[in-house]
Every structure is written in structure tokens, then in C-alpha cells.
Amino acid sequence: MLEFGKYQELTILRDTEPGLFLGDDEENEVLLPNRYKPDNFEIGETINVFLYLDNEERPVATTDAPFLTLNEFGYLHCSAVNKFGAFMDWGLVKQLFVPFKEQARPMKEGNWYIVYLYLDDKTGRLVGSSKTNKYLNNDHLTISKYDEVDIMITHLTDKGANAIINGKHKGLIYIDDIFEDIRTGDRLKAYVNKIREDNKVDLVLQKQGYRSIEPNANYLLEELKAAGGFLPIHDKTAPETIKNELGLSKKSFKKAIGSLYKDKQIIIKEDGIELIKN
């Protein structure tokens, strides 16, 4: 069975003027146009291709790699808008169509959007949607506290960074837990910090609890060494200063210096912290 929107291993059946005809085990055939034909091939060998419909709605194979595949989210550039909808650059010759009814807000040429790729049951075409919430579900979570997850940042607010978790769920990184420059469309590793009673998921970009003490302590130790052994920052320093100078929350900073002090690697002074010289 030919599955559009996905990669498939197909067999090279014959070489023709327009390109290579490929087939599956059910005797379905699809054209791989000459522009994608490999330099070296043999009839009967298999090739990995992506399947979709071309500009004339004909099934076609390509060796180009799209920015997203069926039932996945991507961060795409809107290259054009007409009376029917928007057209997104998704890495293939034929652009991805997003009808007006599937736009969370009217798309504008030149802007970037989080888009979900789905197969339209009526037309058999691959279509995009920026109404991402309807493709996410937190009713039945497949994650647990402390799990490492893959996320995509969807948008930033005063509260924090909203994210798609493992392509399935919604989550939030609170602003106080963001210590690096992140932007919409970024794909990152994150950790489940908390799952609330209503199944809302709190995320962090650093391992929490006992898992995060060592990485932060090691980071602070390196910062001390780079500064010549002294940093004018201590447990009474304002949280904003700690975040600006070190990229850590005050809570994480205090845990880190506590760990270093316990290991007898630093001295905590009234005006800062000092590295103990061996």
C-alpha cells in the first residue's frame, strides 16, 4: 500500500523517459521523476522515498526530505497567500496548502507558523493546519514525572514558553525556569517537572531535584575558575542579578553553592563566593 506523507522502501521496477517507476508488494506503482533519480541504481533494488501528490494531484515519489511527515508538527515559512488559503515551504517542490478554515489566525506571507500535517480524507491530499490544539491531548498522558521528552516551542507569553511534548501533549516551561534564549519553533530536550491534577504538564530544561544539583554545581565551578576564583554573588544577591549573570534561578544557585560548600570546594563570604585553592 502506498502511504502518502510517509517514507517508504519501494522497489525499482523500470527506467522510463519521465523517470523510475517504483512499486510495493501489492503491485502499486509510483513515479520517481528524473530530477530525483540516483546516479547509480539497479532494477530490482529498493530505494527510500517520500510519497505525496504533485501539482497535478498525481502520486509521486521524491528523495527530497520534507520538514515534517504525516501527523507531525513543523515550523514553516508562509511563502504565499491567495483567495483559497496559504502556502507553506516544507522542503518539497510542491508547497503545503493550509486552507483558511485550518488557520488559527489569518496567515501572512513571510511569517512563520507551527503547522500540523494531516491527510484530508475527502481529497486524499496532504494538508496543513495551524490549529494545533485539536491535534494535542492531555486527557491520557503517556509521560511521567522526571521523564526526558522531546519538545517543540510553540509560542512565548509572559507566563513562559508553551510547548508540544513528544508530538502528543501540551506543556509549559515557566518563565522563572528559562535560563537560555529559546524561540518559537525550537526543538529541545526537556524534563517533566510536574503533572497537575488537571493533567497540565510543567516542564523544565534542566533535570530537577537531586538530578540537577551536580550539573549546576559543575557549571558554577567552571564559572568560578573562569572568573579567577571569585564571584561577587551570594545567597543574598537579587534573583534577577543571579539570572542575568549566571543564567540560574536563585533556587538552583543556592543548591549549587550548597553542594560546592559541602564538598569543601568554595568559601561563602559576605560579598561573594570564593574557590578554595588546592
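Side chains included, hydrogens not; waters and symmetry mates left out as well; all remaining heavy atoms used. Predicted, not measured: the structure shown is a model, and the values here were computed from it.
From R187, atom CZ reaches atom CD1 of I153 across 11.0 Å, with rounding to the nearest 0.5 Å. Between H77 atom NE2 and E109 atom CD the span is 7.5 Å, to the nearest 0.5 Å. To the nearest 0.5 angstrom, K264 atom NZ is 8.5 Å from I276 atom CD1. Rounding to the nearest 0.5 angstrom, the gap separating the CG atom in D235 from the CD1 atom in I257 is 5.0 Å. For the atom pair CZ of R35 and OG1 of T62, the computed distance is 7.5 Å after rounding to the nearest 0.5 Å. Between K251 atom NZ and I242 atom CD1 the span is 14.0 Å, to the nearest 0.5 Å.
Within 6.0 Å of CZ in R105 there are 12 or fewer heavy atoms belonging to other residues, nucleotides or ligands. Summarising the local packing, CD of E27 is surrounded by 12 or fewer heavy atoms from other residues, nucleotides or ligands at distances under 6.0 Å. The number of heavy atoms from other shown groups lying within 6.0 Å of CG (D139) is above 12. More than 12 heavy atoms of other residues, nucleotides or ligands shown are found within 6.0 angstrom of CG on D198. A 6.0 Å sphere centred on CG of N48 holds more than 12 heavy atoms belonging to other residues, nucleotides or ligands. N244 CG: more than 12 foreign heavy atoms inside a 6.0 Å radius. When the shell of 6.0 Å around NZ of K159 is examined, it contains 12 or fewer heavy atoms from other residues, nucleotides or ligands.
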- Could you go through the side chain to side chain contact (heavy atoms under 4.5 Å, CB included) check for I173 and I151 one step at a time? CA-CA 11 Å; I173 308 170; I151 66 169; 3.9 Å; yes
- Show your working on side chain to side chain contact (heavy atoms under 4.5 Å, CB included) between F87 and N82 and close with a plain yes or no. CA-CA 8 Å; F87 295 85; N82 65 17; 3.3 Å; yes
- Given the rule in the side chain to side chain contact (heavy atoms under 4.5 Å, CB included) test, do N138 and I165 qualify, once you have shown the distances and angles that lead to the verdict? CA-CA 10 Å; N138 280 35; I165 306 169; 5.9 Å; no
- Task: Evaluate side chain to side chain contact (heavy atoms under 4.5 Å, CB included) for I47 paired with T63, printing each intermediate quantity in order.
- Result: CA-CA 9 Å; I47 183 171; T63 53; 4.2 Å; yes
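The two residues T46 and E9 have their closest heavy-atom pair at OG1-OE1, 3.4 Å. Taking both residues in full, the closest heavy atoms of T154 and T184 are given as O-CG2, 3.1 Å, listed atom of the first, atom of the second, then distance. When every heavy atom of S144 is checked against every heavy atom of V192, the shortest pair comes out as O-CB, 3.3 Å. Taking both residues in full, the closest heavy atoms of D271 and H234 are given as C-CD2, 3.6 Å, listed atom of the first, atom of the second, then distance. Nearest heavy atom pair, residue L70 against residue L117, reads N-CD2, 3.5 Å. Across all non-hydrogen atoms, the minimal contact from M107 to V81 is O-CG2, 3.7 Å.
For the pair E72 and K6, the salt-bridge criterion is not met [side-chain N within less than 4.0 Å of a carboxylate O]. A salt bridge does not link D202 with K200: every distance from a Lys NZ or Arg NE/NH1/NH2 to an Asp or Glu carboxylate oxygen is 4.0 Å or more.
Under a 4.5 Å side-chain heavy-atom cut-off, the cluster of Ile, Leu, Val, Met, Phe, Trp and Tyr residues that includes I164 is completed by F73, Y75, W112, I114, Y116, Y118, V127, Y135, L136, M152. The hydrophobic cluster around L31 extends to F21, counting ILVMFWY residues whose side-chain heavy atoms fall within less than 4.5 Å of a member. Annotation for L172: hydrophobic cluster partners, listed by chain and number, are Y174 (ILVMFWY side-chain heavy atoms under 4.5 Å, direct or chained).
E42 contributes no side-chain N or O that, together with a main-chain N or O of I12, makes up a donor-acceptor pair within less than 3.5 Å. Using a distance-only test at 3.5 Å, with no hydrogens or angles considered, no donor-acceptor pair links the side chain of D121 to the main chain of G124. Of the possible donor and acceptor atoms, none in the side chain of D177 sits under 3.5 Å from a partner among the backbone N and O of V204. Looking at E274, its side chain never comes within 3.5 Å of a backbone N or O of K269 through a donor-acceptor pair. Put simply, the side chain of D263 never gets that close to the backbone of Q265: no donor and acceptor are under 3.5 Å apart. Judged by distance alone, the side chain of K94 and the main-chain N or O of E56 form no donor-acceptor pair under 3.5 Å. Put simply, the side chain of D89 never gets that close to the backbone of L76: no donor and acceptor are under 3.5 Å apart. Judged by distance alone, with hydrogens and angles left aside, the side-chain atoms of Y219 form a donor-acceptor pair with the main-chain N or O of L246 at under 3.5 Å. Using a distance-only test at 3.5 Å, with no hydrogens or angles considered, no donor-acceptor pair links the side chain of K170 to the main chain of N133. Judged purely by atom type and a 3.5 angstrom limit, N166 has no side-chain atom pairing as donor or acceptor with the backbone of V149.
Inter-residue side-chain proximity for S129 and V98 is flagged as unmet; no heavy-atom pair is nearer than 4.5 Å. Using a 4.5 Å heavy-atom cutoff, the side chains of L119 and L126 are in contact. Side-chain contact check for L205 versus I182: some heavy-atom pair is nearer than 4.5 Å. Put simply, the side chain of L10 does not reach to within 4.5 Å of the side chain of N28, judged on heavy atoms. Side-chain contact between D176 and S249 is absent, with no heavy-atom pair separated by less than 4.5 Å. Looking at heavy atoms from C-beta onward, P38 lies in side-chain contact with L32 at the 4.5 angstrom threshold. Residues H169 and N199 form no side-chain contact, since every pair of their non-hydrogen atoms from C-beta on lies 4.5 Å or further apart.
Applying the ring pair (Phe, Tyr, Trp, His ring centres under 6.0 Å) definition to pairs two or more places apart or across chains, those involving residues 31-66 are Y7-F50, F50-W90.
Listed by chain and residue number, nothing satisfies the salt bridge (Lys or Arg N to Asp or Glu O under 4.0 Å) test with K168 (two or more places apart in sequence, or in another chain). For K37, the salt bridge (Lys or Arg N to Asp or Glu O under 4.0 Å) partners at least two apart in sequence or on another chain are D15.
There is a path of hydrophobic side-chain contacts, each under 4.5 Å, that joins V49 to I43. I266 and F230 fall into different hydrophobic clusters, defined by Ile, Leu, Val, Met, Phe, Trp and Tyr side-chain heavy atoms under 4.5 Å apart, directly or through other members. Y113 and L156 are members of different hydrophobic clusters when ILVMFWY side chains are connected at heavy-atom separations under 4.5 Å. Hydrophobic cluster membership differs between F97 and V115, with clusters built from Ile, Leu, Val, Met, Phe, Trp and Tyr side chains linked at under 4.5 angstrom. Hydrophobic cluster membership is shared by V93 and M88, with clusters built from Ile, Leu, Val, Met, Phe, Trp and Tyr side chains linked at under 4.5 angstrom.
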